[in-house]
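The figures that follow rest on heavy atoms only: side chains count, while hydrogens, waters and symmetry mates do not. It should be emphasised that the depicted structure is a prediction, and the values quoted were computed from it without experimental measurement. Labels below follow one simple rule: chain letters A, B, ... track the order of the sequence lines, proteins then strands, and each chain is numbered from 1.
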Amino acid sequence: MLQEESDLSLIIAQIVQKLKGSNLYSQLERQAWASLQRPEIKLESLKEDIKEFFKISGWEKKLQNAVYSELSVFPLPSHPAAPPEHLKEPLVYMRKAQGSWEKRILKSLNSMCTELSIPLARKRPVGEQKELLNKWNEMGTDEPDLSLFRPVYAPKDFLEVLINLRNPNYENGDSLSFRTHLGLIQVPLKVKDIPELKECFVELGLNIGQLGIDDSTQVPPELFENEHVRIGQKVLAQQDSAAAQQYIRQGSPTALRAELWALILNISSQPEDVLYYEQLKTNVIQHDLLVDSLIYKDVKLTASNDDYYFVFEDYLYQVLLCFSRDTSVLSHFAFNSASPPKSYIRGKLGLEEYAVFYPPNGVIPFHGFSMYVAPLCFLYHEPSKLYQIFREMYVRFFFRLHSISSHPSGIVSLCLLFETLLQTYLPQLFYHLREIGAQPLRISFKWMVRAFSGYLATDQLLLLWDRILGYNSLEILAVLAAAVFAFRAVNLMEVTSLAAAEAVLADLSTLKVMPLLQIFLFATVT
Amino acid sequence: MAGKVKWVTDIEKSVLINNFEKRGWVQVTENEDWNFYWMSVQTIRNVFSVEAGYRLSDDQIVNHFPNHYELTRKDLMVKNIKRYRKELEKEGSPLAEKDENGKYLYLGLCVFHRLMFSVNIPRRPVQPWIMILSHRFKKCVPKDSKTSSFVSQSNKEAYVISLYINNPLLIGGRKFDLRLYVLVSTYRPLRCYMYKLGFCRFCTVKYTPSTSELDNMFVHLTNVAIQKHGEDYNHIHGGKWTVSNLRLYLESTRGKEVTSKLFDEIHWIIVQSLKAVAVNASPSLTSSTANDRILKYNLINDTLNIAVPNGEIPDCKWNKSPPKEVLGNYEILYDEELAQGDGADRELRSRQGQSLGPRAGRSRDSGRAVLTTWK
């Protein structure tokens, strides 16, 4: 009991510490001072009166949302004597693997830099700055020569690294048993099985209304949809993050989604936020970074060719170029197993005073990175709001999809969860695919790394991301991947090569996500 | 007597021929006995011209109605709207209502003021107009008020002048138009179907209303035939979105009511136009991308399923209301028989904005006219 209490006070202390430096704190302070003018605030009962005032005026709710936000984003603190690396990643071998992967990426970036004789960063001449400012809304029409640039890495390179991960303390012996994991991932992390997943995703159950199923044209809206929309409007009126997160587990009505996501992510567009974005924009105008070319290349290769997202090409540049320069993103490395790459001012290699993080936000984009932003363009068309939402989504979820960690929502766990689900519940399919040299993970990896963006139809993708927000977990990506395989099992059993298996699973654009998930979790014989 | 449907076409398009062949229909020439003739516009004109004196027999179907010819020209469209209005007025229909100045509330045509082109009016916002040559569908670049004269013609071609909308809805900063497929199976009673998989076509260049760009064809005109030659034209997707994408985007960014109202009004315009009888005769059957080919194939497939039910030899005495299963990706846009069966007073209430009955955009199995909340 005592331990729990001290844990709790530790958490509280940390959150208070964090919030003290935030904008909300100064706003609350100002509000408290201003409230002294009000007649209902009396000196004798100052504390209670101000608290009451906060409750009535909605400020308490804002504070509540901020606290809730902190709780969901940050992992619970471990033992006070634990070093900060443990917050990033408790397992040493994972940390080491991430470290060497980062070294490789950085080496690749640096060699590209040297080969092309392009500096990592340079200040733009004034003429160029003016030109860029004029073209800010249509950078997509720019056709710089990108042929010499290559993405720093692609998801399949990352997969190879994950396949080679080993826990040096774990020896599972040479003899094959029914426990042997037949998949590509060979690290012993704990993943959930279907009964546990059913408990976890209880709101997706068969007898609970869902958007994505119970709003189809054959179902009269009086049965579920109308009431669900009404509740959603109520949740928005209350401005309660926690309620919104609970609500969205059953899906969000399209008209309410933008606001609900903003509420859950605790994003409100304050003037300071718009200013901050403008400042980032100025940074983009003034300095050119090598990663900018990587971003351009990525957008041109992926989003520009996508049936749904090509329209938003220019928004993607506006978001991603600013993102690279946003140093506030660096704070998420406290709980990310990755660390921002360091670079040194020319000639001062090794001298810490001359070290800078490169790119300024510490995130090197890879092939497909822009697809994290693209679906958001369907919801937000104001650049600074779009930017904020993306940044928050990245530091809460997306970073876990390309860093090596033992976190249950980390990509390693997702891969293992996917393979285990397949091996346990579709053993015949799994074995067959393995025999023909088509390890299922080789096909599903790219879906999960991109959180299915670019593979599903947009409306389905948004329904999926509703649940990511609702459950504050990425595990649903692995479950969906397994469900897709289950759905196409009959065809997959007939293929005889990896290429043929890829072809069966090439087009996911007609899939309806929620029925697949529901059937896999709740209607499969276990 | 189950014979195979005999078909002819003078348009060599795979989306047509594949559909005919997959039904096991028999290809014949136009001089033989045929049941189904998919005609090009020229052929239709000849067949139904007064001089030809051609009459279709009871077991023959063609892909256009005889009066389509007068429908496809925008100058005749103006005439038709005016005639339609007069008819409605005679019937006492609320659609022909006028306001206190005598202007039609719902069916008004823009009044073109020569005055808008006068150079002497200072600081008047530029109101561009678009001049449409009535015959060949070629849109001229809109002239702005700086030039005080239009193209002077020595011949007497009819022009239709339209208000040019200066502030179109932009997505991703781009202008787009809508390509919707509507099938009319009969005019009296009016039965028409809207294909659910219509699409939007985007301009490749960002929209700007500035005068200097008025001459830039790529900014203003979204016709793919023109866009294809722009530098930025992307051959993988051809700058298109499905209408359901559009709907998702609009609902997400602007809310459901506004979006539903928008689509309602689009459907209303379509039905009223059909009633006034003004429609483009020949949609392009050329496919620009693989997805496009699939779309058009399925479109023709569903079209044939409705127009020639059960693949049997056409019979003009049939009751032409097909069962729901046959509709495929079509939705009933308007079925006059069903609509009229519900009583005439719905029209007045609906047009004033109260939506009754089933919601727009959903199909229900009663087969009622569901895309419209009005008559």
For B:Trp241 and B:Phe199, I'd like to know if the aromatic rings sit close, meaning centre-to-centre distance below 6.0 Å. no
Indicate, with yes or no, if the rings of A:Tyr394 and A:Phe369 have centres closer together than 6.0 Å. yes
Could you pull out all donor-acceptor pairs under 3.5 Å where a side-chain atom in residues 261-269 of chain A meets a protein atom, sequence neighbours excluded?
from     : atom 1 : to       : atom 2 : distance (Å)
A:Trp261 : NE1    : A:Asp466 : OD1    : 2.8
A:Ser268 : OG     : A:Gln270 : NE2    : 3.1
A:Ser269 : OG     : A:Gln388 : OE1    : 3.2

Heavy-atom proximity to chain B below 4.5 Å, by part of [X]:
X	result
A:Phe312	side chain
A:Tyr308	both
A:Leu256	neither

Residues in ring-ring contact (aromatic ring centres under 6.0 Å, His included) contact with B:Tyr195, at least two apart in sequence or another chain: B:Tyr330
